[in-house]
2 protein chains.
Amino acid sequence: MKLQKPKGTRDFYPEDMAWRQHLCDAWRKVSIRNGFEQVDGPIFERLDLYKVKSGEGIVSELFHFNDRGGRGLALRPEFTPTLARMVADRASSLPRPTKWFCIPNCCRAENPQRGRLREFWQWNIDMLGIDSPVADAEAIFTAVDFFREMGLNSSHLRIKISHRQTVRHILSKLGVGDDRMLAAFELLDRRDKMEPEEFAEAAAPLGLDAASAGRFDEVCRMKYAAGRLDAMREALSIHEQIEDLAALDEQLHAFGIADWCEYDLGVVRGLAYYTGTVFEVHEATGAMRAVAGGGRYDNLIELFDGPSMPAVGFGMGDVVISLVLFDKGLIPEHLAARPDVFIVPVSDAAAARLPGVLADLRSRGLHTRFSYRSTRNLGKLLKEASSLRARYALILDDRLAEARAHLKDMESGEQEEVMLTEVATRVNSHTVVES
Amino acid sequence: MKLQKPKGTRDFYPEDMAWRQHLCDAWRKVSIRNGFEQVDGPIFERLDLYKVKSGEGIVSELFHFNDRGGRGLALRPEFTPTLARMVADRASSLPRPTKWFCIPNCCRAENPQRGRLREFWQWNIDMLGIDSPVADAEAIFTAVDFFREMGLNSSHLRIKISHRQTVRHILSKLGVGDDRMLAAFELLDRRDKMEPEEFAEAAAPLGLDAASAGRFDEVCRMKYAAGRLDAMREALSIHEQIEDLAALDEQLHAFGIADWCEYDLGVVRGLAYYTGTVFEVHEATGAMRAVAGGGRYDNLIELFDGPSMPAVGFGMGDVVISLVLFDKGLIPEHLAARPDVFIVPVSDAAAARLPGVLADLRSRGLHTRFSYRSTRNLGKLLKEASSLRARYALILDDRLAEARAHLKDMESGEQEEVMLTEVATRVNSHTVVES
């Protein structure tokens, strides 16, 4: 029992790790080509840091402990407080915009369930110091660029977009006063888990009578495709406080990702946190938890003692996206690194020379393997090379005396005699980019 | 104060992260070409797991906490207990040998000092299920392959090798009984921090009289280059229990790494842990903490409820190797990802088309950037492209109407008119492998 892994965590054996690495490599590649630079922070922070954004309530969701001096520390449940601390600390010297990404492991003390674990990896991208619909659209494009990279298309996923300004305007028109706005957003967030009567009952103290509450609920269930803002304007009779959404709509088209997006005013996310655009990515059937979520958070850096600094970003955990990709059959089959060369000594004399040949090829950058078994049987050894999917077998026999060996292409079966010093060049010249 | 990072941890801003990533990429590349597969485990384990190998004494060195059910958990201070748990759990289905590597972040609740932090990254390689000097030498070769990859040579670092069997034999000859052997190894480990009188006083109860203690101390200070085992045999009058070291010596020559290695019987490492070969890598002047350390640990898997399974491996933290590489001037200057294309729109009409061109190039895999400033000045924008070390500038002007633009090679200064659809092919065909 004492030797079991902790609940809600994962062991990554080679096949599991190959997938995690493949996913993280894709996140990294997509981040870099979209102009983001990688950052990271400590796996644990001072416990107080997490209270700045989330209040005392967060503590029960954290793994926390004390250092020797009795100071409270906690494992990071997300990267945003660390990001805000790092940005606030160097705000004056950072370029505008600053575009950062990271792929931290994060820990939450919650009960493990499908799509939710106690340790997970989370891709974050953030653009700081820029307040423009171009930035909002570029953040969303970066998510889409990743989805496409993994083989997903707009029939698999929906990006649901809302905007604080527009929802606030609608709530206001329905009779919610400014002092009750936060409570109204909270109700909006809990709406899906409530019975209609319960909802109406909770809506009343916010200034929403039965008719307004019904209308509010109705509004939150409407969905409009990107490009259909006119229909939304008409249905909701809103003609102001929708300019930001309209500007974003234009950019989503300019970036060529409008077909992935729809407006859904029921999307809320982090209540005291987001200030403008908010979005969530869901599997098209709505069957799972959100794949990713983000938006604009223009007040956060200030909250962490930094200057006023607009910002937009999103986070995507490894767990739900992996479930989605698995469901769609989009997890590639062969993720194990493929050996370039498998060395096959067919005599004891050749085997004695193997370490030197091996060391030379590896130092030249070739992924080189050999059999740890004592057999010198050509057929058996070629079979082992084949089972590892080696690209070439290098057969060492008595030609070694002249520093020569036989290089066999494991796919075509062709074999040629080469100088040992030529092997690396020969193998590299045939390198093909693998899909 | 509450917004400071915790003591002994690091923030990785882009320039710091680029180095960490470069180092981890090198570890990964070298591991893979040497035939290792990547694994990982949870960032925290049950506290009890760490007591299996290290006893109750380890607890004060750990960051530990309870889960909601009151079970003790601890941040991993190293990967070996996780590795042993994972291997023990699947021992019957793992290939022999199993060759694993990992690059976990690890945490220790110790006082931060030069070369020692509270969170660090550690490269581990392990070969399990093989008991052969070839495996010991291959593990050491993998370290050397990495050092060479980073530009280090055998004048920068020394690999100090000892062997439990040989040291035990020498101690036994000097009069240490089997029941006092562990205590003698402990003394050997603390030797460097003791005064000569203190050492002699501690040696006496182990069965070492003054002459033997002096001789023991002397023996531990002798160093023999690889290939000079005969000199060692003669100086120490040992002619048995040195066969394993002799077999390793032969393999170090076969792998071509003998010039990096020396025998130093003063090297001890993890007392109740290693069983055969042990080694440490030190900066040649001996100025710093060990860069890496490892050896053979044939009893560990059994200790973690697995089958009897021989094993050899080593660990290397990111902190000391980074200090060494920095001291030697071997940290590359330009680690930031270099943009393939920087888009330069020279009119408002062209700027309106920018997002579409940008999205297309990024989706084709090109690292593509643009200016967030509103200027349309060609000179200013090319200057920005140049400061980012972009390989090409793509100048968008009225040729856009025919889906054409100007592609400028930022190094040669050459410029040609191209179809927008051709840009990716054109840029990729000129791709050079960067050093």
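In what follows, every chain begins at residue 1, and chains take the letters A, B, ... in the order their sequences are listed. The figures that follow rest on heavy atoms only: side chains count, while hydrogens, waters and symmetry mates do not.
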Part of A:L358 within contact of chain B (heavy atom distance under 4.5 Å): side chain
Salt bridge (Lys or Arg N to Asp or Glu O under 4.0 Å) for B:E138 and A:R362? Distances and angles first, verdict last. CA-CA 11 Å; B:E138 195 185 356; A:R362 286 179 177 174; 2.8 Å; yes
Tell me, for B:H253 versus chain A, whether the close heavy atoms (under 4.5 Å) come from the side chain, the backbone, both or neither. neither
Chain A contact via B:R28 - side chain, backbone, both or neither, heavy atoms under 4.5 Å: side chain
Hey, can you tell me if B:F65 and A:F65 have their rings parallel, tilted or perpendicular (30° and 60° cut-offs)? parallel
Pair count under 4.5 Å, heavy atoms only, with chain A: among B:A337, B:A109, B:A352, highest is B:A109
Report which part of B:S60 has an atom under 4.5 Å of a heavy atom belonging to chain A: side chain, backbone, both, or neither. backbone
Given heavy-atom pairs under 4.5 angstrom as the criterion, report whether the side chain, backbone, both or neither of B:L73 touches chain A. side chain
Contact leader toward chain A among B:N34, B:T368, B:D145, where contacts are heavy-atom pairs under 4.5 Å: B:N34
Assert top hit (heavy-atom pairs under 4.5 Å, partner chain A, pool B:E119, B:R353, B:R148) equals B:E119
Counting only non-hydrogen atoms closer than 4.5 Å, does B:Q38 touch chain A with its backbone (N, CA, C, O), its side chain (CB onward), both, or neither? both
Non-hydrogen atoms of chain A under 4.5 Å away: do they reach the side chain of B:N105, the backbone, both or neither? side chain
Enclosure of B:K29 NZ (heavy-atom neighbours >12, cutoff 6.0 Å): no
Atom group of B:K99 that falls short of 4.5 Å from chain A, counting heavy atoms: side chain
Does B:E250, at its CD atom, have more than 12 non-hydrogen atoms belonging to other residues, nucleotides or ligands within less than 6.0 Å? no
Counting only non-hydrogen atoms closer than 4.5 Å, does B:P14 touch chain A with its backbone (N, CA, C, O), its side chain (CB onward), both, or neither? both
Straight-line distance of B:L94 CG to A:Y13 OH, nearest 0.5 Å: 7.0 Å
Greatest number of non-hydrogen atom pairs under 4.5 angstrom with chain A, of B:M86, B:E45, B:E37, falls to B:M86
Any side-chain heavy-atom pair from B:F63 and A:N66 closer than 4.5 angstrom? no
For B:F141, is it the side chain, the backbone, both or neither that has a heavy atom under 4.5 Å from a heavy atom of chain A? side chain
Value for CD (A:E149) from OG (B:S363), rounded to nearest 0.5 Å, stands at 9.0 Å
Find out whether the Lys NZ or Arg CZ of B:R96 is both under 6.0 angstrom from the six-membered ring centre of A:Y372 and within 45° of the ring's axis. no
Look up atom NZ in B:K7 and atom CZ in A:R71, then write down how far apart they are to the nearest 0.5 Å. 6.0 Å
Carboxylate-amine/guanidinium contact B:D40 A:R20, below 4.0 Å: yes
Is chain A contacted by the side chain of B:F44, its backbone, both, or neither, given a heavy-atom distance below 4.5 Å? both
Region of B:L75 in contact with chain A, defined by heavy-atom distances below 4.5 Å: side chain
Among A:P81, A:A135, A:G35, A:A18, which has the most heavy-atom pairs under 4.5 Å with chain B? A:G35
Stepwise, does the side-chain contact (heavy atoms from CB on, under 4.5 Å) test hold for B:D67 with A:R118? CA-CA 11 Å; B:D67 69 8; A:R118 289 190 164 178; 3.9 Å; yes
I would like to know whether B:R68 and A:N111 meet side-chain contact (heavy atoms from CB on, under 4.5 Å); could you show each step before the answer? CA-CA 9 Å; B:R68 287 174 175 179; A:N111 280 326; 4.0 Å; yes
Using heavy-atom distances under 4.5 Å, tell me whether B:Q21 contacts chain A through its side chain, its backbone, both, or neither. side chain
Determine the option with the most heavy-atom pairs under 4.5 angstrom with chain B, choosing from A:P355, A:A336, A:A88. A:P355
Report which part of B:L388 has an atom under 4.5 Å of a heavy atom belonging to chain A: side chain, backbone, both, or neither. neither
Heavy-atom pairs under 4.5 Å with chain A: which of B:P42, B:A84, B:A254 has the most? B:P42
Please evaluate residues A:R90 and B:D11 with respect to the criterion salt bridge (Lys or Arg N to Asp or Glu O under 4.0 Å), reporting the C-alpha separation (whole Å), side-chain torsions for both, the decisive distance (0.1 Å), and the verdict. CA-CA 11 Å; A:R90 295 211 183 161; B:D11 286 337; over 6 Å; no
Report yes if the side chains of B:C107 and A:I43 come closer than 4.5 Å at any heavy-atom pair, otherwise no. yes
